[in-house]
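Atoms within each ligand, like the ligands themselves, are counted from 1 in listed order.
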Amino acid sequence: MSLPSRKNIQAQSCKEFTGITLKDPAAYAAGLTGVKVALEHTFKEMGVIKSFQTLSHMNQKDGFDCPGCAWPDPENRSKLGEYCENGAKALAEEATSKIVDEEFFSNYSVQEISSWSDYKIGKSGRLVAPMILKPNSNYYEACTWEEAFRVISDHLHALASPDEAIFYTSGRSSNEAAFLYGLFVRAFGTNNMPDCSNMCHESSGVGLSETLGIGKGSVKLEDFDKAEVVIVIGQNPGTNHPRMLSALEKCKSNGGKIICINPLQEAGLIRFRNPQALSGMLLNGHGLTDIFLQVKINQDVALLKLIQKKLAALDKVNSKVFDHEFIEKYTEGYESLLAHLDKHTEKELLELCGVDEKLIDEAVALLAEKNKIIICWAMGLTQHKNGVANVKECVNLLLLKGSLGKPGAGTCPVRGHSNVQGDRTVGIMHYVSKELNAAIKKTFGFDAPDHEGVDVVKAIPAMYEGKAKVFVALGGNFGSAASDTEYTAKALQNCDLTVQISTKLNRSHLITGKTALILPTLGRSEKDVKDGEQRHFTVENSMGIVHQSKGFLAPISKEIKSEPEIVAGIASAYFKENHSVNWDELGSDYELLREKLGEVIASFKDINTKSKGSGFYLPNNVRDLDFSKLPNQRAQFSMTELPIHNLKENEYLLMSIRSHDQFNTTIYGLDDRYRGIHNERRVLFMNEADIAKENLKKMDVVNIMSNYEGQVRKVFQFLVIPYNIPIGNLAAYFPETNPLIPIHQYADKSNTPISKSVRVSIEKA
Ligand SMILES: Nc1nc2c(c(=O)[nH]1)N[C@H]1C(S)=C(S)[C@@H](COP(=O)(O)OP(=O)(O)OC[C@H]3O[C@@H](n4cnc5c(=O)[nH]c(N)nc54)[C@H](O)[C@@H]3O)O[C@H]1N2
Ligand SMILES: Nc1nc2c(c(=O)[nH]1)N[C@H]1C(S)=C(S)[C@@H](COP(=O)(O)OP(=O)(O)OC[C@H]3O[C@@H](n4cnc5c(=O)[nH]c(N)nc54)[C@H](O)[C@@H]3O)O[C@H]1N2
Ligand code: SF4
Ligand SMILES: [Mo]
């Protein structure tokens, strides 16, 4: 039987149902069930003894950093273990003893593997040897590292311009690997460095840089102990940053209040049983949320404007509501902001956001009194056309209250991948930093390119149109994570060469260029040994602390290399001896690599000693109330506009969200326990009124369509689930819904795809 062409292989997960059972959404997060589920995952993948031994090293000062999210570790680490259920799942996924070897690839063609679900593909195991997929072949074959590096070098040399190559980075790479990778890409001659941040917190980076002068958050973990109010907006920490719940719990036990702003009442934010505290195990857990504002999708700007308007009215009566001294001393644009708030009536804003006014008034009364306020957010704010405006409205509120640069207050964009923030700090970006280029010239003696490269949404059309021909990925699963799955698949398939430096098998190894390479690499949890000496890495967490991470487990295979070794292998094959940088030396001697990093980026000076133990904080101008890099040396109020959706009668806004059992495109399991969904991912959360309006009923099967610029995109076979979600709003999981998101629909200024507000309609399947 002849195999279908590689051009026609499945770019999406399969459409079969897996056998759903529905339960009530969970009443609380974590607790004993969380512990049980965490251990089930690790036991299954790693065995009992290895699980306990390895978990006891995770997030400890001399251990390795959790490969899950970027939430920071407390100074005093718990003896009971400093990790959460989803951190344990992330470890289990990486440290599995299953392997994908030469025999696996000779048994299964790429076509066959691509017909499996993402869950099955991921569960196949760890990649253990370099593999090559030759033009017109349907099977990966083993190759040597030398051959792999030579193939890459030959393809890079064959390009008419360095801008015909694209170098993607996902956020799990260490500072060392990312720095070396960025250095090579610049030496090669392009800034084509899209990264997962472009699809993630880019709107935060842009919004914060323009208003406060730094694209990162300002709070430290201990600020949660002192905060009077924490606003959690557009974020689901119970699933995605579970140990943040401990910080919220501590805030509450010190008398703080929590306001949540979300279209969904996420379980983790209602009640929490702290598995690390006996009280949490025995008692009914702590109620976390004091005020829940159930905003409609993408109406946060309306709600935040309304809150500011109501506060401004109170401030007219009692001038202590706003911090006028702070506003006077540090900010610009206050009068314009007040005038701008008058553009819309309270009634108009109230109708748009869809929130109960009584609850808004409660929140306003609380905010009026307090000034130690933290705002935490994630993808619910950033992944919209007006993602940057969403972030700026949060900054407006904090500036009005003087809630910056003091204990218990500040901005807290909660990062996704465990080193996504560090990768950017050490130079992974598509835009030009003159300062960085000058420092590279000084330390390494070459001129880095001074023209902007492509980000994710520009890289894909470049490949689609044949303007880019080589795609290299340092981690991640670009094909599944990016929007417009079918278009992105064609773009990747148009390339002459695609290269994936990965730990685990994923769909991006199957949707490939004419030639494809898989370069297997060490995971966080593994020992990185060279000449009998164990090396370590550094990472930066969501609060700007850089610290070391040292693996514990024996590597899954002797054949795999560390990320810096792979990057150095590519660089030295490309340059041979003809370059001012000694790539092989930098790729093997991490102490030297860090020393050079410290020469190029001043805040990393002495990193070799500073990163030990708890690590060190990178400088943060907001913490110091230094706005000297901004216009008139002041923090900036922003005048934002309301979003426009022009929904037709039969149209909805769809947000693509994470289940409790996934890490982005890695599917840990088929449950979304907190939302009561078991053993199924193809579900569509819908308000009862909308279900009735569409003449549907629970568990009916529907297709979802988006229609942008005259092109209809469709995903098939989703089960309708009645859910507490605002009328007119829908939710379903990513990456299953990515085919709906048009490649050309992304946020103003940050170019982040509109993954949380896609205009769709539905039809019965
Ligand atoms: N276990 C686990 N941990 C993870 C990840 C994972 O997949 N699994 N991913 C990591 C990564 S890379 C990231 S970026 C983070 C993501 O962390 P989150 O941003 O928490 O993840 P999402 O599931 O995308 O959830 C977004 C939340 O925003 C809400 N929301 C959606 N639209 C809107 C809106 O318009 N307004 C408001 N106010 N809320 C809205 C949704 O209801 C949901 O609660 O988590 C990181 N940690
Ligand atoms: N519709 C929709 N789309 C989205 C989102 C959404 O909310 N909705 N979220 C977006 C966001 S926030 C993000 S961050 C992106 C994520 O985009 P990516 O970062 O590209 O995707 P991941 O699923 O995190 O990548 C998982 C793969 O990384 C590899 N990997 C894991 N650990 C390591 C390591 O240590 N080293 C190396 N080299 N490889 C490793 C494994 O092979 C694994 O299969 O997706 C985005 N896409
Ligand atoms: S909160 Fe994040 S970093 Fe911490 S253990 Fe859980 S997944 Fe890992
Ligand atoms: Mo992310």
Within the 6.0 Å centroid threshold, strictly below: Phe552 and Phe64: no
Which ligand 1 atoms are under 4.0 Å away from a heavy-atom of Thr239? 1 (N), 2 (C), 3 (N)
Among all protein heavy atoms, pick out the one at the shortest distance from atom 35 (O) of ligand 1; state its residue, atom name and that distance to 0.1 Å. Asn298 N, 2.7 Å
If we set the cut-off at 4.0 Å for heavy atoms, which region of Gln383 has an atom near ligand 1: side chain, backbone, both, or neither? neither
Just to verify, what does Glu559 make a salt bridge (charged side-chain N to carboxylate O under 4.0 Å, His left out) with, not counting sequence neighbours? none
Proximity to ligand 1 by part of Asn86, non-hydrogen separation under 4.0 Å: side chain
Numbered atoms and elements of ligand 2 in range of Ser170, under 4.0 angstrom, heavy atoms: 18 (P), 19 (O)
Is the count of non-hydrogen atoms from other residues, nucleotides or ligands lying under 6.0 Å from Lys296 atom NZ greater than 12? yes
With a 4.0 Å heavy-atom cut-off (strictly under), which part of His660 contacts ligand 1: side chain, backbone, both or neither? neither
Would you check the N or O atoms of Gly523, main chain and side chain alike, for any that come under 3.5 Å of an N or O of ligand 2? no
Here the atoms of ligand 2 under 4.0 Å from any heavy atom belonging to Ile741 are 1 (N)
Of all pairs that satisfy salt bridge (Lys or Arg N to Asp or Glu O under 4.0 Å), the ones with a partner from residues 500-510, not counting sequence neighbours: Glu93-Lys504, Asp118-Arg507
Where's the contact between Lys89 and ligand 1, heavy-atom distance under 4.0 Å: side chain, backbone, both or neither? neither
For Gly475, take its heavy atoms, then give the atoms of ligand 2 lying under 4.0 Å from any of them. 37 (C), 38 (N), 39 (N)
Classify the contact between Asn236 and ligand 1 as side chain, backbone, both or neither, using a heavy-atom distance cut-off of under 4.0 Å. both
Less than 3.5 Å between some nitrogen or oxygen of Glu563 and one of ligand 2, yes or no? yes
What protein heavy atom sits nearest atom 43 (C) of ligand 1, and how far off is it? Glu266 OE2, 3.5 Å
Using a strict 4.0 Å cut-off to heavy atoms of Val295, name the atoms of ligand 1 that fall inside it. 38 (N)
Any N/O pair Arg172/ligand 2 closer than 3.5 Å: yes
What part of Cys200, side chain, backbone, both or neither, has a heavy atom within less than 4.0 angstrom of ligand 1? side chain
Gln662 side chain vs Ser659 backbone, donor-acceptor pair below 3.5 Å: yes
Would you mind listing which atoms of ligand 1 come within a distance below 4.0 Å of any non-hydrogen atom of Leu264? 42 (O)
To the nearest 0.5 Å, tell me how far Asn175 CG sits from Tyr590 OH. 13.0 Å
Ligand 2 and Asn506, any nitrogen or oxygen pair closer than 3.5 angstrom? yes
Side chain, backbone, both or neither: Arg658 near ligand 1, heavy atoms under 4.0 Å: both
Could you tell me whether Val414 approaches ligand 1 through its side chain, its backbone, both or neither, with non-hydrogen atoms closer than 4.0 Å? neither
Quick one: does His201 get within less than 4.0 Å of ligand 1, heavy atoms only? no
